[in-house]
*Asks:* 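Okay, here's the structure, questions in a sec.
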Amino acid sequence: MPPPEPTASPAIEVYSLEDRRFPPPASFKADALVTGNELHEEAERDYQGFWARQAADLLTWRSEWHTICEWELPYAKWFVGGTLNAAENCLDRHLAEGRGDKIAFHWEGEPGDTRTITYAELHAEVCRFANVLKSLGVTKGDRVAIYLPMIPELPVAMLACARLGAPHSVVFGGFSSESLSDRINDADAKVLVTADGGWRRGTAVALKASADAALAATPGVEHVVVVRRTGEDVTMAEGRDQWYHDLMAEAPPDCPAEAMDAEDLLYLLYTSGTTAKPKGIMHTTGGYLTQVAFTHKFVFDLHAHTDVYWCAADIGWVTGHSYIVYGPLVNGATSVLYEGSPDHPGRDRWWDIVERYKVTILYTAPTAIRTFMKWGTAEPAAHDLSSLRVLGSVGEPINPEAWMWYREHIGGGQTPVVDTWWQTETGAIMISPLPGATTTKPGSATFPLPGITAEVVDETGRPVARGGGYLTLTQPWPSMLRGIYGDPQRYHDTYWSRFEGRYLAGDGARVDDEGYFWLLGRVDDVMNVSGHRVSTAEVESALVDHASVAESAVVGAKDDVTGQAIVAFVICKGDQEPTPELGQELRMHVGAKIGPTARPKTVIFTDDLPKTRSGKIMRRLLRDVAEGRDLGDTTTLADASVVEEIRRRAAEVPEED
Ligand code: WTA
């Protein structure tokens, strides 16, 4: 694994020239929750005591814990002995405190249909659906798979699971049937909640058909609940499939919440690793909720009574789990939930939403910001965005120009921008400014949050006080993953074996002279496309699964819009002619097997791949080749010059690089 090369990467030259800085504006500070160093200082004195105070302040517990943290590397337990229920924390206690009429979600479908859902209404629907699940035989500890578009039934299904203590496994609606069946089988889920379809760019995207294909390979699923969203025709399997609305009509409205142990599994969420098999990341209840609630409140400076918060991610990713569902609901926030794409019916859809709902906090990804930059400033300028007061970014490194554009054209040149670094595995934000306290620099996630310790280390694991290296975490944190479902060895190998006593994030980072963290992207074989992690191995295995492909190597090449774009180098089987049609077919094949996000942007046919003597593909070299060329959105034919270039470069690289 090559170390990041701080001086060689052009991105870093930009960063090191970056001397713009933005202290929080006085007007923002006047009303901010945190304006100084007090939280950091408190946590430095006693980080466990700090988290215990947050757990007590932000959550309602059924019974108290006896030990804040038990740390037996690499396993942490937080708030040991304490019990609570996640759905009760998201719903019941707001009702008990007289906030039942407060709006939990302003939901907007892509076609323009809307639903306003109060906490009381959400509570009622969750209780009913929990009873539906119960009637289907779901009990505490059972896994439930959820494959839904961005409709209110998605958070309802998650919270109904949480109410019963049945861990959910949400599979992003854009994933293929094969990805769905793999995840259902790995988690051994007995119930699947899905929909007929969802709306995307004006088209009804069929979900049930895709679920049906998955269900052919998931013998463990006993029941399927189908939400009617698009009204398209679907096939309902007798005895297995039932309509959500039919079941809900019969379900009683009261459903007690189970008292769960702080360390009981709340959910599984699958994420890509360096092998083809996705990892089922395990998150538990007490620590997870504590850190998502804390970060959602303080990173976004949430004033729950007045803010209108919008996280524009999909709930199928961890960002949606933590910052659309659990964080905002625990904190009693009012959120926007939007189903569709940003360019339907026009490229100003988001700005129209911000204006109509008077959104005050917006949380999105650099890839979206870069897309808007490409579309120009006219669309945001045509709308009143003056309600916005905090802008967040997550999912990949944000380049300073995108950061500046976001602040300038969306934030009116005023609004603090919080670049938040974290991962599916960390569960919640780890490195980020506090908008009322931190002086930001465009492109830097600034500092670890209170209660979090991060260090950059060199190849040998020695801390690097200034400069680049591997990002590691040195102390357990409440929302850390508790393991990989069914695979403790992989948990150990992936995160804890490289540097003793340190969690390896897999990201490169640089610390500047003032101690600011600058994230540099993945150092392993995971690509980051539009903020979504895709493993090279997974795409390669989908490619070689095609009858015409002998071998393939996939890399993520820098891309102005999506951060990285997938470039596939493919060797055809002997009798197969490499043609542009085949290239298209391969792209579609990967899309069908894994999902559109994983579809290579470019397929390059070659008759050779550069390898080390031990047979490892030299990806770094392929990346250089891919990044050094102007690759279109198409197939590059068996281009002699590419092969030539690969050979020439390979010859320059010492063996075993
Ligand atoms: C990347 C998403 C730079 C990083 C929450 C990480 C970032 C991976 C940032 C996790 C950021 C996320 N700056 N890079 N602010 N946020 N990343 O699991 O490479 O989908 O390891 O979680 O995204 O992606 P995941």
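These values consider heavy atoms only, across backbone and side chains, with no hydrogens, waters or symmetry-generated copies.
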*Asks:* Any non-hydrogen side-chain atom of I68 less than 4.5 Å from a side-chain atom of Y47?
*Replies:*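 The answer is no, as the side chains (C-beta and beyond) never meet within the 4.5 Å cut-off.
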*Asks:* Check E88 against R163 and note the closest heavy-atom contact, atom names and distance.
*Replies:*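 For E88 versus R163, the nearest heavy atoms are N-NH1, 4.3 Å.
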*Asks:* So, taking the atom named CG in L268 and the one named CZ in R183, what distance separates them when rounded to the nearest 0.5 Å?
*Replies:*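 Reported to 0.5 Å precision, the distance equals 11.5 Å.
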*Asks:* Side chains of Y288 and S322: is there a donor and an acceptor less than 3.5 Å apart?
*Replies:*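 Y288 vs S322: donor-acceptor pair found between side chains.
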*Asks:* Mind checking whether V359 and L388 have side chains closer than 4.5 Å, heavy atoms only?
*Replies:*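 Heavy-atom side-chain distance check passes, below 4.5 Å.
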*Asks:* A side-chain contact here means heavy atoms from C-beta on lying under 4.5 Å apart; do Q475 and Q48 qualify?
*Replies:*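 A side-chain contact is absent here, since even the closest heavy-atom pair is not under 4.5 Å.
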*Asks:* Just by distance, with hydrogens left out, do Y363 and T420 show a side-chain donor and acceptor under 3.5 Å apart?
*Replies:*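 There is such a pair between these side chains.
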*Asks:* Quick one: CD1 on I315 to CD1 on I324, what's the gap to the nearest 0.5 Å?
*Replies:*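 I315 CD1 to I324 CD1: 4.5 Å, rounded to 0.5 Å.
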*Asks:* Would you say that L449 contacts L434 through its side chain, given a criterion of any heavy-atom pair below 4.5 Å between the two side chains?
*Replies:*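 They are in contact (side-chain heavy atoms under 4.5 Å apart), so the answer is yes.
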*Asks:* Taking 4.0 angstrom as the limit, do D507 and R522 come out as a salt bridge?
*Replies:*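 Result for this pair is yes, salt bridge flagged.
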*Asks:* Mind checking whether Y495 and Y503 have parallel, tilted or perpendicular rings, split at 30° and 60°?
*Replies:*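 Parallel: the ring planes of Y495 and Y503 meet at under 30°.
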*Asks:* Identify whether the distance between the nearest side-chain nitrogen and carboxylate oxygen of K558 and E396 falls below 4.0 Å.
*Replies:*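 Looking at E396 together with K558, the answer is no, because their closest N to O distance does not fall below 4.0 Å.
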*Asks:* Verify the ring-centre separation between Y75 and Y491: is it less than 6.0 angstrom?
*Replies:*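 For Y491 and Y75, the ring centres are under 6.0 Å apart.
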*Asks:* Using the ring of each side chain (for Trp, its six-membered ring), is H106 parallel, tilted or perpendicular to Y357, with breaks at 30° and 60°?
*Replies:*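 Taking Y357 first and then H106, their aromatic rings sit tilted (interplane angle of 30° to 60°).
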*Asks:* Contact between R389 and H303 at the side-chain level, heavy atoms closer than 4.5 Å - yes or no?
*Replies:*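 Yes, their side chains come closer than 4.5 Å.
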*Asks:* Can E455 and R462 be counted as an ion pair, charged N to O under 4.0 angstrom?
*Replies:*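 Result for this pair is no, no salt bridge flagged.
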*Asks:* Report yes if some heavy atom in the side chain of P380 is under 4.5 Å from a heavy atom in the side chain of W350; otherwise report no.
*Replies:*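 The answer is no, as the side chains (C-beta and beyond) never meet within the 4.5 Å cut-off.
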*Asks:* Assess, by modelled atom type and distance only, whether the side chains of R21 and Y516 contain a donor and an acceptor separated by less than 3.5 Å.
*Replies:*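 R21 vs Y516: no donor-acceptor pair found between side chains.
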*Asks:* Could you work out, with ring pair (Phe, Tyr, Trp, His ring centres under 6.0 Å) as the rule, every residue matching W65, not counting sequence neighbours?
*Replies:*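 Result, ring pair (Phe, Tyr, Trp, His ring centres under 6.0 Å) vs W65: W61, F79.
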*Asks:* Can you confirm whether K441 sits close enough to T446 that some side-chain heavy atom of one is under 4.5 Å from a side-chain heavy atom of the other?
*Replies:*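 With C-beta onward as the side chain, the pair stays apart.
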*Asks:* Are the ring centres of H409 and F372 closer than 6.0 Å?
*Replies:*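 They do not qualify: ring centres at least 6.0 Å apart.
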*Asks:* Relative to each other, are the rings of H532 and W317 parallel, tilted or perpendicular (30° and 60° limits)?
*Replies:*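 The rings of H532 and W317 lie parallel, inter-plane angle below 30°.
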*Asks:* Are the side chains of D92 and H123 in touch, meaning some heavy atoms are under 4.5 Å apart?
*Replies:*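 Yes, their side chains come closer than 4.5 Å.
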*Asks:* Would you please name every residue forming a side chain to side chain donor-acceptor pair (under 3.5 Å) with K102, sequence neighbours left out?
*Replies:*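 Applying side chain to side chain donor-acceptor pair (under 3.5 Å) to K102 gives T334.
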*Asks:* Measure centre to centre between the rings of F50 and F294, then say whether the value is under 6.0 Å.
*Replies:*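 Ring centres of F294 and F50 closer than 6.0 Å.
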